[in-house]
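This report concerns only the one structure given below.
We count ligands from 1, going down the list as the structure has it; atoms in each ligand are counted the same way. When reading the values below, keep in mind they use all heavy atoms of this one structure, side chains included, and skip hydrogens, waters and symmetry mates.
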Amino acid sequence: MQLIDGKAVATQIKKEIAEEVERIIAEGGKRPHLAAILVGHDGGSETYVANKVKSCEECGFTSTLIRYEADITEEELLKKVEELNNDPEVDGFIVQLPLPRHIDEQKVTEAIDYRKDVDGFHPINVGRLSIGLPCFLSATPNGIMELLARYNIDTKGKKCVVLGRSNIVGKPMANLMMQKSTPGDATVTVCHSHTENIAEECRQADIIIAALGQPHFVKADMVKEGAVVIDVGTTRVPDPTRKSGFRLCGDVDFENVAPKCSYITPVPGGVGPMTIVSLMKNTLLAGKREIYK
Ligand code: GUN
């Protein structure tokens, strides 16, 4: 069994990005600039956004954090989105989700100029992904593809089971795994809450990508000997022994599943660090106008 060290790969890629940024600056180019809008004080969102800002520093990017209280109106938020769409200094930006209930997330997502949508959530980027055109890729699936590539994991013709059908992980993940590319070219099955006999589907899989947000859902008896298991789960479970009061729990029963795997990602330190790196990759592409001229 080989552990997939997302943290180490993420550190390496951030170093590569920082080197490229320095080359760009040396040649008289512009420093990539990411802006992030954070509404309210959700604990998870605070942590994610702080990590995004820190990663920008590590990559040599400019970053701007724009904060609003949870009672901001949808109209005010949409106005800020429009302002960032038109700000030539900002290459890409994100609106951290979830948003307060009185704000329509889909409306906000669609208000973002797709050419600055470094989250890859805008329907134009999602649609372009589904037909294999250059686009901003959703961060978590893109990070997983990068891990599969860097560990030379063979996906061609393999049976891949994606657990979960969310718009930001499950669906784009399935799309990427079936596209004509390396990694890719897999035979993909997407399982969800209405799938009959998920355990049997998983047992057929050469590659399992678990993204359903249910701690320890994938048990050892659901995994074929030699399978590759990618764990996207990051559920916060109360843990009084930790300073934070919680620990992150993956969707895979790691202790019992790992001995059966050829490769497996840990939680934390697997997919998580790669998600932020993907956002950095998209920001670099946005800064270079590489996808949309
Ligand atoms: N909330 C959870 N994950 C994400 C993400 O990748 N981007 C944004 N904007 N919000 C999120």
Side-chain angles (χ1 to χ4, degrees), residues 6 10 34-56 59 61 63-68 70 72 74 77-78 80-81 84-85 90-101 103-126 129 135-147 164-173 175-176 209-213 230-236 246 248-251 267-268 270-286:
L34 174 72
I37 301 180
L38 174 58
V39 179
H41 298 274
D42 174 76
S45 294
E46 292 269 4
T47 307
Y48 289 137
V49 169
N51 284 333
K52 287 170 186 177
V53 169
K54 180 165 164 266
S55 289
C56 280
C59 292
F61 297 170
S63 68
T64 303
L65 173 57
I66 301 150
R67 300 198 64 131
Y68 293 107
I72 185 180
E74 185 180 275
L77 183 58
L78 289 170
K80 189 68 197 179
V81 166
L84 293 173
N85 283 342
V90 172
D91 298 306
F93 67 99
I94 63 158
V95 179
Q96 187 65 29
L97 305 178
L99 290 169
R101 283 177 47 185
I103 298 176
D104 181 343
E105 281 184 1
Q106 193 56 31
K107 199 167 166 186
V108 172
T109 299
E110 291 189 41
I112 297 171
D113 186 330
Y114 67 94
R115 293 165 298 189
K116 293 192 177 189
D117 167 39
V118 284
D119 260 331
F121 292 170
H122 191 284
I124 290 183
N125 282 311
V126 175
L129 161 63
C135 61
F136 289 120
L137 292 169
S138 188
T140 301
N142 194 18
I144 292 169
M145 296 303 273
E146 183 81 53
L147 285 177
R165 56 176 162 181
S166 72
N167 289 341
I168 68 175
V169 184
K171 283 181 198 152
M173 191 72 243
N175 256 319
L176 286 169
I209 301 173
L212 25 65
I230 307 291
D231 189 349
V232 185
T234 52
T235 306
R236 287 180 165 199
F246 67 86
L248 290 183
C249 192
D251 288 350
V267 174
V271 173
M274 292 302 293
T275 296
I276 293 197
V277 159
S278 301
L279 177 65
M280 299 298 115
K281 280 180 18 185
N282 279 347
T283 304
L284 179 62
L285 291 171

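A distance of 10.5 Å separates CD1 of Ile230 from CE of Met145, quoted to the nearest 0.5 Å.
Annotation: ligand 1 has protein neighbours Lys52, Val95, Gln96, Leu97, Asp119, Phe121, each with a heavy atom less than 4.0 angstrom from the ligand.
Every side-chain contact (heavy atoms from CB on, under 4.5 Å) that Ser278 has, sequence neighbours left out, goes to Ala139, Asn142. By the salt bridge (Lys or Arg N to Asp or Glu O under 4.0 Å) test, Lys171 is found to be paired with no residue, residues two or more places apart in sequence or in another chain being considered. Tyr48 pairs by the ring-ring contact (aromatic ring centres under 6.0 Å, His included) definition with nothing, not counting sequence neighbours.
A 4.5 Å side-chain heavy-atom check between Arg67 and His41 finds at least one atom pair inside the cut-off. Side-chain contact between Phe61 and Asp91 is absent, with no heavy-atom pair separated by less than 4.5 Å.
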